[in-house]
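For reference, the structure is listed below as C-alpha cells.
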Amino acid sequence: IDYETQVRPVLNKHCVGCHGPDRQRASLRLDALPALLEGGNRGPAVVPGKAAESVLVHALTGAKDVAIMPPKEPRLTADEVALVRAWIDQGAKGP
C-alpha cells in the first residue's frame, strides 16, 4: 500500500482539518508521516507493523476507550479503515 497515493489522501480528507499544519488537536499532526510516527498527547499515532496497537486505528474505530474520529460525519468508510490498518501492518512505510 502506497502512503502518498492511497493513505495520505484519506487522512487529508478526514483528519487534517483538526490534525494538520494549522491546527493540532491533542498535539497531533496527521499531514506528514514523521508526525504520525511522533504522535501527540497519547504517544505515537502509528506503531509500524502493529495496527492493533496504533492509536490512529483506535481513534478511527472507537476502540480502547479512544473517542471515534472524526467526531462528526462523514467518518472513514470500512474500506478506508481497512486500508489504513493494512498500511500500518505492512510497516507504515512512506517516501
Side-chain angles (χ1 to χ4, degrees):
I1 295 171
D2 184 69
Y3 170 76
E4 283 296 323
T5 63
Q6 294 174 281
V7 176
R8 189 172 183 182
V10 170
L11 298 177
N12 283 342
K13 177 181 174 184
H14 295 282
C15 309
V16 170
C18 292
H19 300 284
D22 298 327
R23 187 168 151 190
Q24 300 88 39
R25 288 193 169 207
S27 299
L28 177 62
R29 283 184 71 168
L30 300 177
D31 61 316
L33 185 55
L36 277 164
L37 298 173
E38 180 181 327
N41 292 346
R42 290 183 176 251
V46 170
V47 179
K50 299 179 181 181
E53 296 177 21
S54 295
V55 174
L56 178 61
V57 173
H58 301 165
L60 297 179
T61 61
K64 306 266 185 176
D65 294 325
V66 177
I68 194 164
M69 294 291 149
K72 296 180 183 172
E73 301 289 338
R75 295 203 170 101
L76 278 73
T77 66
D79 287 343
E80 289 170 327
V81 172
L83 175 76
V84 172
R85 280 181 197 257
W87 169 72
I88 294 170
D89 282 337
Q90 290 176 7
K93 293 184 177 23

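Keep in mind that what you see is a predicted model, and the values were worked out from it rather than measured.
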Next item on the list: List, by chain and number, the other hydrophobic cluster members for Val66, where Ile, Leu, Val, Met, Phe, Trp and Tyr join if side-chain heavy atoms come within less than 4.5 Å, directly or indirectly.
Entry: none

Check: NZ/Lys93 to CG/Leu33 distance, rounded to the nearest 0.5 angstrom?
Finding: 11.0 Å

Note to self: Does anything in residues 65-76 form a side chain to side chain donor-acceptor pair (under 3.5 Å)? List the pairs, not counting sequence neighbours.
What the structure shows: Glu73-Arg75

Next item on the list: Taking all heavy atoms of Pro95 and all of Tyr3, pick out the closest pair and write down the distance.
Entry: CD-CD2, 3.7 Å

Next item on the list: Report yes if some heavy atom in the side chain of Cys15 is under 4.5 Å from a heavy atom in the side chain of Val10; otherwise report no.
Entry: no

Checklist line | Shared hydrophobic cluster for Leu83 and Val16 (ILVMFWY, side-chain gaps under 4.5 Å) | finding: no

Next item on the list: Among Ile, Leu, Val, Met, Phe, Trp and Tyr joined by side-chain contacts under 4.5 Å, find the other residues sharing a cluster with Met69 and list them by chain and number.
Entry: none

Check: What pairs meet the side chain to side chain donor-acceptor pair (under 3.5 Å) rule with one or both residues in residues 5-23, with sequence neighbours excluded?
Finding: Asp2-Thr5, Glu4-Arg8, His14-Glu80

Note to self: Quick check: closest heavy atoms across Val81 and Thr61, and the distance to 0.1 Å?
What the structure shows: CG1-CG2, 3.8 Å

Next item on the list: Of all the heavy-atom pairs spanning Pro70 and Leu76, show the shortest one and how long it is.
Entry: CD-CD1, 4.0 Å

Taking only distance into account, with no hydrogens and no angle test, what donor-acceptor pairs under 3.5 Å do side-chain atoms of residues 37-57 form with protein atoms, sequence neighbours excluded?
residue	atom	partner	partner atom	Å
Asn41	OD1	Ser27	OG	3.2
Ser54	OG	Val47	N	2.8
Ser54	OG	Lys50	O	2.9

Next item on the list: List for me each residue that meets side-chain contact (heavy atoms from CB on, under 4.5 Å) alongside Pro34, sequence neighbours excluded, and say none if there are none.
Entry: Ala32

